[in-house]
Amino acid sequence: MNYNPPSDVIIYDTTLRDGEQTPGVTITTDEKITIAEKLDKLGVDVIELGFPAASPGEQETFKEVAQLGFTSQISGLARALKPDIDKAIDADADYIHTFIGTSPLHRDFKLKKSKEEIMDLAVNAVEYIKDHGITAEFSCEDATRTELDYLLDMYKAVEDAGVDKINVPDTVGVTIPIRMNELIGKIYENVGVPISVHCHNDFGLAVANTLAAIEAGAKQAQCTINGLGERAGNASLEEIVMALNKSYNIHTNINHKLLVNTSETVSRITGVKMPPNKAIVGENAFAHEAGIHVQGILENSETYEALQPEEVGHKRRIVLGKLTGANAVHAKLDEYNINLSDEQFDQLLAKIKSLGDAGKVITDIDFRSIAEAIQGKPTEERIKLLGISVMTGDNTLPTATVKLDLDGTVKYRAETGVGPVDAALKAIQSLVGEIVNITLEEYHIEAITGGTNALGEVFVIVVDEDGNKATGRATHEDIVRASIDAIISSINKLLMLRK
Ligand SMILES: CC(=O)SCCNC(=O)CCNC(=O)[C@H](O)C(C)(C)COP(=O)(O)OP(=O)(O)OC[C@H]1O[C@@H](n2cnc3c(N)ncnc32)[C@H](O)[C@@H]1OP(=O)(O)O
Ligand SMILES: CC(C)C(=O)C(=O)O
């Protein structure tokens with residue numbers, strides 16, 4: 001095994017190029033600017049902004065963003081063809097990443113060119129970039145499926161042509177860490193310029209392969225925020241950077257505290273939601289439910305956390321459910337300054353367990369309202385439903401009129417929506433907007449008896465502008481009414497916080 005890790009690693013972010021190749025994702029100029037600003041603040045060394053030859057619009061966007069004067073270098077991808085490189089130069093790229101497929105599959109089926117022809121294209125491309133005084137990075141596309149001798153010859157040829165950095169892509173994510181380590185070790189022995197890697201995640205090994213390459217001497221990691229990219233994506237920037245920091249003590253210029261915020265921005269703009277269990281940035285990355293874990297965390301968070309949430313701009317969450325233990329409940333009661341007798345405490349723990357057994361979600365606000373109900377405190381309802389009327393049908397715009405008692409004042413609002421429930425929700429949102437801004441995070445409806453007069457049970461989770469969540473549940477023969485009752489009950493719980 002090769003072990004020549006550098007003391008610091010260059011982060012080359014390709015969220016705006018390979019990340020934009022995520023099926024279904026397109027990023028407008030303004031959105032590219034927003035993401036590029038975040039990446040620049042995050043401290044990435046190079047931003048691969050796009051492929052200027054792809055279209056006039058892509059070239060214009062590239063030019064606009066490249067002129068914003070970021071600290072990060074701005075790179076453009078180009079085939080090993082002069083017209084592509086010219087488009088990148090005309091778009092003001094200060095760095096050009098050029099590439100050509102080198103594996104037998106790419107040579108014979110895609111490019112239909114000999115090894116020599118491909119080498120000539122690569123050398124000419126690098127020389128052309130360097131003649132323009134621009135930083136040149138060169139990739140042998142599908143490097144991990146290319147014959148080793150030919151691969152080394154290619155990299156040596158572009159080194160002679162003056163390339164600044166070579167990149168080793170595992171284009172279809174087929175390699176494994178030990179092979180990546182061997183490959184980079186061989187390139188490191190034979191080529192003098194800094195080595196970069198670009199790993200795809202087809203077998204879930206992109207980050208492991210990137211780290212294996214760095215162990216063998218790679219100086220740069222190409223990666224994306226949230227692991228976005230073609231097919232199963234690329235190596236995730238946040239995972240690489242934190243593994244380098246924590247497990248290898250290798251420095252990057254990344255400001256770790258901005259990782260979660262950057263991830264959220266990219267997720268919102270691209271519409272690609274992170275699974276809750278995504279490392280570093282997922283909603284559950286620092287969430288704990290099991291009683292034994294929570295007790296450990298409360299004593300010393302390192303018992304069950306490899307890093308502190310604050311280090312990456314995240315927050316720790318203690319989640320309540322059937323696996324909750326007494327220590328967690330004590331901690332929550334302390335947090336909310338609620339004093340219970342031993343008997344009340346046992347009732348509360350039993351209630352949490354029974355809700356958990358029934359598969360119910362228990363937010364912190366639900367917890368507070370259950371604890372206060374056990375204390376015998378009357379639940380204050382700042383919002384009361386006084387009446388609703390809905391109009392819907394084939395040729396009618398669904399409309400709902402809602403009449404509420406809001407802190408003692410009677411208010412009405414009519415709104416339209418895609419259906420009566422949507423219209424009613426909009427009317428409620430607008431009525432309560434002066435005291436709380438709510439969004440509906442989850443909505444489920446279930447028929448709990450049979451027939452057309454079945455009882456419908458509606459379950460909702462609403463979120464306020466500070467991210468506080470409350471659940472609401474209501475049952476009624478009329479599903480519009482059940483929906484409104486559930487939403488109002490959840491808003492009343494949220495408003496408890498503002499007492
Ligand atoms: C692994 C990666 O992620 S690679 C980057 C992928 N990104 C993109 O493809 C960017 C978006 N692409 C596009 O807009 C278009 O494909 C363009 C503008 C680049 C090219 O469009 P077209 O000229 O219409 O060609 P098309 O896409 O159909 O085919 C690609 C051509 O480039 C050739 N080619 C592919 N890669 C390279 C390369 N690195 N260097 C030189 N030629 C190449 C192919 O052999 C094919 O040649 P042909 O036109 O003689 O058949
Ligand atoms: C252009 C190269 C680096 C690429 O995206 C790949 O091979 O996956």
Side-chain angles (χ1 to χ4, degrees), residues 12-23 25-27 46 48-62 75-88 90-91 93 95-126 128-129 136-146 151 154-155 158 163 165-175 180 183 195-203 205-206 209-210 213 218 220-224 227-235:
Y12 182 109
D13 179 277
T14 180
T15 308
L16 295 172
R17 197 278 298 173
D18 209 323
E20 198 185 13
Q21 289 171 218
T22 305
V25 168
T26 21
I27 308 175
V46 188
E48 190 166 75
L49 201 57
F51 196 120
S55 70
E58 174 83 353
Q59 195 190 20
E60 261 170 51
T61 300
F62 194 103
S75 171
L77 185 66
R79 288 175 298 177
L81 299 173
K82 283 187 183 166
D84 273 29
I85 295 168
D86 282 336
K87 295 262 168 45
D90 292 346
Y95 190 128
I96 296 179
H97 173 199
T98 187
F99 72 101
I100 191 157
T102 49
S103 66
L105 276 165
H106 282 237
R107 293 192 314 255
D108 300 342
F109 295 97
K110 194 181 85 170
L111 299 166
K112 302 178 187 72
K113 292 198 188 312
S114 68
K115 287 180 175 173
E116 294 71 27
E117 287 172 307
I118 288 171
M119 190 178 287
D120 283 349
L121 282 170
V123 167
N124 291 339
V126 169
Y128 190 63
I129 298 168
E137 178 163 336
F138 171 75
S139 285
C140 286
E141 191 185 1
D142 210 16
T144 51
R145 293 192 296 180
T146 301
L151 190 71
M154 283 290 297
Y155 285 134
V158 291
V163 84
K165 222 181 264 168
I166 53 162
N167 182 47
V168 184
D170 183 25
T171 302
V172 285
V174 286
T175 202
M180 181 55 113
L183 177 62
I195 304 169
S196 166
V197 276
H198 174 108
C199 296
H200 276 273
N201 206 29
D202 298 69
F203 291 102
L205 291 173
N209 287 329
T210 304
Q220 173 177 283
Q222 290 203 355
C223 45
T224 57
L228 291 183
E230 284 277 357
R231 306 180 307 281
N234 283 86

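One-based numbering, in listed order, for ligands and for the atoms of each.
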Check: Thr22 side chain, Gly229 main-chain N or O, donor-acceptor pair, under 3.5 Å: yes
Residue part near ligand 1, for Glu230, under 4.0 Å between non-hydrogen atoms: neither
Residue part near ligand 2, for His200, under 4.0 Å between non-hydrogen atoms: side chain
Side chain, backbone, both or neither: the part of Phe99 lying under 4.0 Å from ligand 1 by heavy atom: both
Which segment of Leu81 sits under 4.0 Å of ligand 1 when only heavy atoms are counted: side chain
Residue pair Leu121 / Leu111, side-chain heavy-atom distance below 4.5 Å: no
Residue portion contacting ligand 1 (non-hydrogen atoms closer than 4.0 Å) for Ala53: backbone
Ligand 2 to Ser139 polar contact by distance, N or O atoms, under 3.5 Å: no
Side chain, backbone, both or neither: the part of Gln21 lying under 4.0 Å from ligand 1 by heavy atom: side chain
Residue part near ligand 2, for Thr14, under 4.0 Å between non-hydrogen atoms: neither
Any N or O of Arg17 closer than 3.5 Å to N or O of ligand 2: yes
Proximity of His106 to ligand 1 by residue part, where a heavy atom lies under 4.0 Å: neither
Side-chain (Asn209) to main-chain (Cys199) donor-acceptor, under 3.5 angstrom: no
